[in-house]
2 protein chains.
Amino acid sequence: MKQRTYTIKQFAALTGVSEDTLRYYEKIGLLPFAMRKNNGHRYYSAEDEERVMVLLCLKKAGMSLEEISPFMKLPMDEDIQNIPVIRDMLLDYKRKVEGQMRELQKILDVITAKLHSGEKLALRRSESNTEAKS
Amino acid sequence: MKQRTYTIKQFAALTGVSEDTLRYYEKIGLLPFAMRKNNGHRYYSAEDEERVMVLLCLKKAGMSLEEISPFMKLPMDEDIQNIPVIRDMLLDYKRKVEGQMRELQKILDVITAKLHSGEKLALRRSESNTEAKS
DNA sequence: TTACAACTTGGAGCCAACTCCAAGTCAATA
DNA sequence: TATTGACTTGGAGTTGGCTCCAAGTTGTAA
């Protein structure tokens, strides 16, 4: 059965990524060179959609395009268990997200404490936790 | 008792924000105009330090300088309970951070599932959750 | 008194990530 | 056949957030 395809306009609406940005991502090599019709127009497949979904997911977690790039080079339809490198990349990424969540949790704890205890806005040294040398 | 003050160099080391960046933040009005000695050199106080700590905290949670700006306009040493506007801003901010954490948690769930069940890298529609129109 | 270090300012440059635009091609339609 | 609309490309412009630099001032130390 033949897979459904999308024009760039449809694909932009589908994914929420603008046409300009799709072309830009292709130009910088983040997304693979899209398939073209005879007239040179791009068209996109379900696998392209899956790839963009992964892109958006990684982006939402705060990764730069540079960091996302290696994920975009992977086949979207392989069993993860068969490709150790994907497993490792995912584990790596998982650790990153967990780290970011720990940061956010720390911040939430501080805010919550301040809201409940009649305190000042200022942070005590121990609440700030930057990497500055003391 | 007289409060201790810092030169810009000391203050940069203390907070982990570079001298250039401190001057830049002042120039764009993110930080208030720093006090000057007779010779025109900036110096910083404990309250300045508190303000920068708050800045770094908000930044770490992914806020833009634009979003951080209103917080920098507030006095650092007032009791939060006395100023409803601060309470409201903090509550607002708390909701933002919680939202971001929910996003990250969703992403973690997807990754974890994929790592355990011999799946493909591709995301199912329900796992991606962008705001694109269907 | 001269040299040096620590600052000052204004402005230029830089990188990431878009966003916009002009000029051109192509297919379908009036 | 002329027009319209959806696309193409290359390249310029924009925004956010710094980062760097040159030229000038001031206070201390040799």
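Only heavy atoms go into these numbers, but all of them, side chains included; no hydrogens, no water, no symmetry mates. Lettering of chains follows the sequences in order, A, B, ..., and the numbering in each one begins at 1.
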Rounded interatomic separation in angstrom, taking CD from E26(B) and C1' from dC7(C): 13 Å
With distance as the sole criterion, is a donor-acceptor pair present between the side chains of D109(A) and T112(A) under 3.5 Å? no
Within the 4.5 Å heavy-atom criterion, are L55(B) and L31(B) side-chain neighbours or not? yes
Could you state the atom-to-atom distance from CZ of R36(B) to P of dT26(D) in whole Å? 15 Å
Contact check, side chains of K94(B) and L90(B), non-hydrogen atoms, under 4.5 Å: no
When the rotation axes relating C1' atoms of four end pairs to the next four are compared across the helix from dT1(C)-dA30(D) to dA30(C)-dT1(D), five pairs an end, they differ to 10° by 30°
Side chain proximity check, R42(B) to L22(B), heavy atoms < 4.5 angstrom: no
Once you apply a heavy-atom cut-off of 4.0 Å, does I8(B) come out as touching a base, just sugar-phosphate, or nothing? sugar-phosphate
Would you say the side-chain atoms of R36(B) pair up with the backbone N or O of A34(B), donor to acceptor, closer than 3.5 Å? yes
Output yes when at least one side-chain N/O atom of R23(A) is less than 4.0 Å from OP1 or OP2 of dT8(D), else no. yes
Under a 4.5 Å cut-off applied to non-hydrogen side-chain atoms, are V52(B) and Y44(B) in contact? no
Whole Å only: how far is the CG atom of L22(A) from the C1' atom of dC7(D)? 14 Å
Using whole Å, report how far CD of E19(A) lies from P of dT9(D). 12 Å
So do M63(A) and Y93(A) actually touch side chain to side chain, heavy atoms under 4.5 Å? yes
Whole-Å distance between dT8(C) C1' and Y43(B) OH? 16 Å
In this structure, how many angstroms lie between the P atom of dC18(D) and the CG atom of L31(B), rounded? 11 Å
Tell me whether E98(B) is salt-bridged to R102(B), with the criterion being a basic N under 4.0 Å from an acidic carboxylate O. no
Nucleotide by nucleotide, nucleotides 14-30 of chain C touches protein heavy atoms under 4.0 Å in the pattern (B base, S sugar-phosphate only, - none) ---BBBB-----S----
Listing, residues 64-73 of chain A side-chain donor-acceptor contacts under 3.5 Å, not counting sequence neighbours, or none:
residue	atom	partner	partner atom	Å
S64(A)	OG	E67(A)	N	3.2
S64(A)	OG	E67(A)	OE1	3.3
E67(A)	OE1	S64(A)	N	2.7
E67(A)	OE2	K96(A)	NZ	2.5
S69(A)	OG	K73(A)	NZ	2.9
K73(A)	NZ	G29(A)	O	3.2
K73(A)	NZ	S69(A)	O	3.4

Residue-phosphate contact under 4.0 Å: R42(A) side-chain N/O, dC7(D) OP1/OP2: no
